[in-house]
Amino acid sequence: MTLRIYNTLSRRKEEFQPLGDPVRFYCCGMTPKFHPHLGHAKLFVTMDVIRRYLGEKGYRVRYVQNFTDVDDKIIARGLSEGVSAAAVARRYTDGYFHSMEALNVQPADVYPRVSQTISGIIEMIQGLIAGGNAYAPGNGDVYFRVASFPSYGKLSHRTADDVLAGARVTVGEEKEDPRDFALWKAAKEDEPSWPSPWGAGRPGWHIECSAMSRQELGDQIDIHAGGPDLIFPHHENEIAQSESFTHKEPFARYWVHIGQLNVGSEKMAHSLNNFTTVLETLERHHPVVLRLYYLSQHYRTPVTYTDESLVLARKQAEHLIEGRSALASLIAQPAQDAVKGSSPAPVRELASMASDLSLRFFEAMDDDFNTALALSRLYVFSREAVRVSQMRPIGHDPQAQHEALRLALTTFDHLVSILGFDLPRSSVELVRGERALALDAATIEAAIARRAELRRQRKWSEADAIREQLLTQGIVLEDGSHGTTWRRA
RNA sequence: GGCGACGUGGCCAAGUGGUUAAGGCAGGGGUCUGCAAAACCCCUAUCGGCGGUUCGAUUCCGCCCGUCGCCUCCA
């Protein structure tokens, strides 16, 4: 089975053929100016799954994700709060790690930072000037000469005229061409700066990724990923800088961009002040729910975030958890529980369904990481596991059946882990926030015990009153054959 | 204005040139239950509109309508 990945550069799905071992994978990370919001997390969870899946396909992966810790807004925030820009960056870099750890996102192999890559950036700018691809007009700035790079626009698929139409020159800039962009910016008062051959200053927005990518992964890489809003100008400019500097093409073989996360009719962004942070979302929802929300659509599909969509995701998460516990309960079912007329056929079929599930899961993931389809196959299997678990089928050759079921469970757990899920044992844990705090388990258990006694006495209306009382507090009672269980509504 | 994406059942959302268009939610019917809940079973779509290509299109092409994004900081 071959993996196919959609490449923004060719606008097609292409068979994945890395340059070598390990796979060189760079993702444009955060500008740590505030806590990551749900749009950021969509990117990083997606990359986490891609990375895990590449590993699953047998590739070793070197995954690099940067922090753009030198930035106008970080500087502005530091000034307004009376702390250094570095302190702001540090605070929200930590915030990033907290959020991602909660979401079970595997850490990158390395997290380069602009502030620690200055010499590499200067070296690259010098090379670009020497090659005629950049110029220093003498005002302390250095600009990239877009006209020197004929294939400029190939990633975002726009022509020189297109770019020109949208280009702007700010007062004080001395560009030869409005399309040119800054590689180095002369220092202003109150701003952090570094010495350079062009005077004190700091890097422009795009050069840092070219430099960090090169520093950590070499001149050419396999996968370069990021948010859709980076295609132009950021990634376009990275290509221009890197390919001009190294004279190697392509800079990145596969350009991967996710679909944007929108709120209402606009994208979720710090600058639009319409964002929800990961941390506040996790106060109300289990991390599995948020991850499942992201993976329920294809990663390239733009999605509109609503609170209800997370409620939907929670219900889907319950299916996975219930399917898994059904399987576990079958394995725990002792042979003497067998009832007359039970048949081994359902277990046999379930076991063979598990191996088929595996094939279909990989088939879906091989097609540009179709997690939505892969998940649907897990749901179908889960439902079947629940169905079979209700049959009490163990009894004929229990050892062989248990073995088959254990294998099925291993398969299921493995597939779920490829998607990065750390499933809780019980769906009760999926509910968080106020509703989870309303009543503690001991109180609920005590009420259940009182109600059980009333039921024994066939005092139905009194027993029902207890149930209804709990329901008003968000607790649902379910009377099963082995007693009463509860869950949060 | 330029570039691009999307429009699939009540809602969310996969997918395909031709046997039954995944899956989830909600809804209806049923089994089970003291009642209920849960679970399980069954049921609910011809794919925005108009043309074209084709033996055949929801899937390819064109136009139209609608929604949205990028073109400026942005994951």
Side-chain angles (χ1 to χ4, degrees), chain A residues 8 11 27-31 33 36-47 65 68 71-73 76 153 156-159 161-168 170 205 225-236 257-262 264-272 275 292-293 296-298 300-304 306 308-309 311-320 322 326 360 364 367 370-384 386-391 427 455 458-461 463-464 467-468 471 476-481 484-487 489:
Chain A
T8 306
R11 291 176 171 169
C27 175
C28 279
M30 291 279 298
T31 297
K33 58 177 180 279
H37 59 58
L38 296 178
H40 297 126
K42 181 179 194 287
L43 174 67
F44 301 125
V45 168
T46 299
M47 292 309 129
Q65 188 178 307
T68 301
D71 164 85
D72 288 345
K73 286 176 181 162
S156 55
H157 302 98
R158 52 193 81 192
T159 64
D161 285 345
D162 295 339
V163 177
L164 204 52
R168 286 182 201 170
T170 315
W205 174 32
D229 39 10
L230 296 184
I231 296 172
F232 188 90
H234 187 59
H235 288 163
E236 195 72 71
H257 296 96
I258 64 165
Q260 187 162 281
L261 187 82
N262 298 309
S265 61
E266 57 187 11
K267 92 172 157 179
M268 182 176 285
H270 280 149
S271 55
L272 295 172
F275 62 90
L292 189 57
Y293 167 65
S296 293
Q297 300 97 4
H298 185 90
R300 282 189 286 110
T301 303
V303 301
T304 300
T306 60
E308 302 82 72
S309 55
V311 175
L312 257 171
R314 195 187 92 209
K315 292 180 179 174
Q316 293 180 309
E318 285 172 9
H319 284 294
L320 295 182
E322 281 156 16
R360 293 163 74 73
D367 185 13
N370 194 335
T371 53
L373 187 58
L375 278 168
S376 77
R377 290 169 175 174
L378 287 171
Y379 298 143
V380 171
F381 178 79
S382 288
R383 201 204 302 130
E384 186 63 12
V386 171
R387 206 175 68 82
V388 171
S389 74
Q390 293 175 346
M391 294 177 180
S427 50
R455 291 181 71 212
R458 308 183 82 73
K459 294 179 178 173
W460 305 124
S461 61
D464 289 352
R467 184 171 64 199
E468 275 152 36
L471 186 59
V476 179
L477 297 192
E478 292 168 3
D479 299 327
S481 53
T484 300
T485 56
W486 62 275
R487 67 184 170 82

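Given the structure is predicted, the values throughout are model-derived calculations rather than measurements.
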Between [X] ([atom1]) and [N] ([atom2]), how many Å, whole number?
{"X": "A/L477", "N": "B/A39", "atom1": "CG", "atom2": "C1'", "value": "16 Å"}
{"X": "A/E236", "N": "B/U72", "atom1": "CD", "atom2": "C1'", "value": "16 Å"}
{"X": "A/R467", "N": "B/C35", "atom1": "CZ", "atom2": "C1'", "value": "6 Å"}
{"X": "A/R458", "N": "B/U33", "atom1": "CZ", "atom2": "C1'", "value": "12 Å"}
{"X": "A/H157", "N": "B/C3", "atom1": "NE2", "atom2": "P", "value": "13 Å"}
{"X": "A/R360", "N": "B/G23", "atom1": "CZ", "atom2": "C1'", "value": "12 Å"}
{"X": "A/H319", "N": "B/A26", "atom1": "NE2", "atom2": "C1'", "value": "12 Å"}
{"X": "A/K459", "N": "B/C35", "atom1": "NZ", "atom2": "C1'", "value": "18 Å"}

Complement of [N], any strand, by Watson-Crick or G-U distances under 3.5 angstrom:
{"N": "B/U59", "result": "none"}
{"N": "B/C40", "result": "B/G30"}
{"N": "B/U54", "result": "none"}
{"N": "B/C6", "result": "B/G66"}
{"N": "B/G1", "result": "B/C71"}
{"N": "B/A21", "result": "none"}
{"N": "B/C47", "result": "none"}
{"N": "B/C35", "result": "none"}

[atom1] atom, [N] versus [M]: distance in rounded Å?
{"N": "B/G17", "M": "B/C47", "atom1": "C1'", "result": "14 Å"}
{"N": "B/G49", "M": "B/G7", "atom1": "C1'", "result": "11 Å"}
{"N": "B/U20", "M": "B/U46", "atom1": "C1'", "result": "13 Å"}
{"N": "B/G23", "M": "B/G15", "atom1": "C1'", "result": "11 Å"}
{"N": "B/A14", "M": "B/U54", "atom1": "P", "result": "33 Å"}
{"N": "B/C43", "M": "B/C3", "atom1": "C1'", "result": "46 Å"}
{"N": "B/G4", "M": "B/C64", "atom1": "P", "result": "15 Å"}
{"N": "B/A22", "M": "B/C42", "atom1": "P", "result": "14 Å"}

Hey, is the main chain of A/G259 close enough, under 3.5 Å, to the side chain of A/K42 for a donor-acceptor pair?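 Between the backbone of A/G259 and the side chain of A/K42 there is a qualifying donor-acceptor contact (under 3.5 Å).
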Listed nucleotide nearest any side-chain atom of [X], set [options]:
{"X": "A/K33", "options": "B/A38, B/A36, B/A75", "result": "B/A75"}
{"X": "A/Q390", "options": "B/A22, B/A39, B/G34", "result": "B/A39"}
{"X": "A/D464", "options": "B/G24, B/G34, B/A75", "result": "B/G34"}
{"X": "A/Y379", "options": "B/A26, B/G24, B/A75", "result": "B/G24"}

Please classify the nucleic acid contact of [X] as base, sugar-phosphate, or nothing, using heavy-atom distances under 4.0 Å.
{"X": "A/L261", "answer": "base"}
{"X": "A/G226", "answer": "sugar-phosphate"}
{"X": "A/L471", "answer": "nothing"}
{"X": "A/K73", "answer": "base"}

Taking C-beta and beyond as the side chain, do [X] and [Y] meet within less than 4.5 Å on heavy atoms?
{"X": "A/R300", "Y": "A/P228", "value": "no"}
{"X": "A/V476", "Y": "A/L471", "value": "yes"}
{"X": "A/E478", "Y": "A/W486", "value": "no"}

Check whether the aromatic ring of A/W460 stacks on the base of B/G34, taking stacking as ring centres less than 5.5 Å apart and planes within 30° of each other. yes
Under a 3.5 Å cutoff, is there a donor and acceptor pairing between the side chains of [X] and [Y]?
{"X": "A/R11", "Y": "A/H157", "result": "yes"}
{"X": "A/H257", "Y": "A/T8", "result": "yes"}
{"X": "A/T484", "Y": "A/D479", "result": "yes"}

Regarding B/C73, can its base be found pairing with the side chain of A/D71 as donor and acceptor, where the two atoms are less than 3.5 Å apart?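 Flag unset: no donor-acceptor pair detected.
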Is there a donor N/O on one and an acceptor N/O on the other, under 3.5 Å, for the side chain of A/R455 and the base of B/G34?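 Present.
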Nearest 0.5 Å please: distance from the CG atom of A/L312 over to the OG1 atom of A/T306.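 Rounded to the nearest 0.5 Å, the CG-OG1 separation comes to 8.0 Å.
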Identify the heavy atoms of [X] and [Y] that sit nearest to each other, and give their distance.
{"X": "A/A269", "Y": "A/F275", "result": "O-CD2, 3.6 Å"}
{"X": "A/L292", "Y": "A/S296", "result": "O-OG, 2.6 Å"}
{"X": "A/F44", "Y": "A/C28", "result": "CE2-O, 4.1 Å"}

Kindly give the atom pairs (protein nitrogen or oxygen, nucleotide nitrogen or oxygen) under 3.5 Å for nucleotides 67-70 of chain B.
residue : atom : partner : partner atom : Å
B/C68   : O3'  : A/S265  : O            : 2.9
B/G69   : OP1  : A/S265  : O            : 2.2
B/G69   : O3'  : A/Q260  : NE2          : 3.3

Given that A/T68 and A/A463 both sit by RNA chain B, which one's nearest nucleotide is further toward the 5' end?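 Its nearest nucleotide lies further toward 5', so the answer is A/A463.
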For A/G480 and A/S156, find the nucleotide of RNA chain B closest to each by heavy atoms; which residue's nucleotide sits nearer the 5' end? A/S156
Heteroatom pairs (N/O) under 3.5 angstrom, protein to nucleotides 11-15 of chain B:
residue : atom : partner : partner atom : Å
B/A14   : OP1  : A/H298  : N            : 2.7
B/A14   : OP1  : A/T301  : OG1          : 2.9
B/A14   : O3'  : A/N370  : ND2          : 3.0
B/G15   : OP1  : A/N370  : ND2          : 3.1

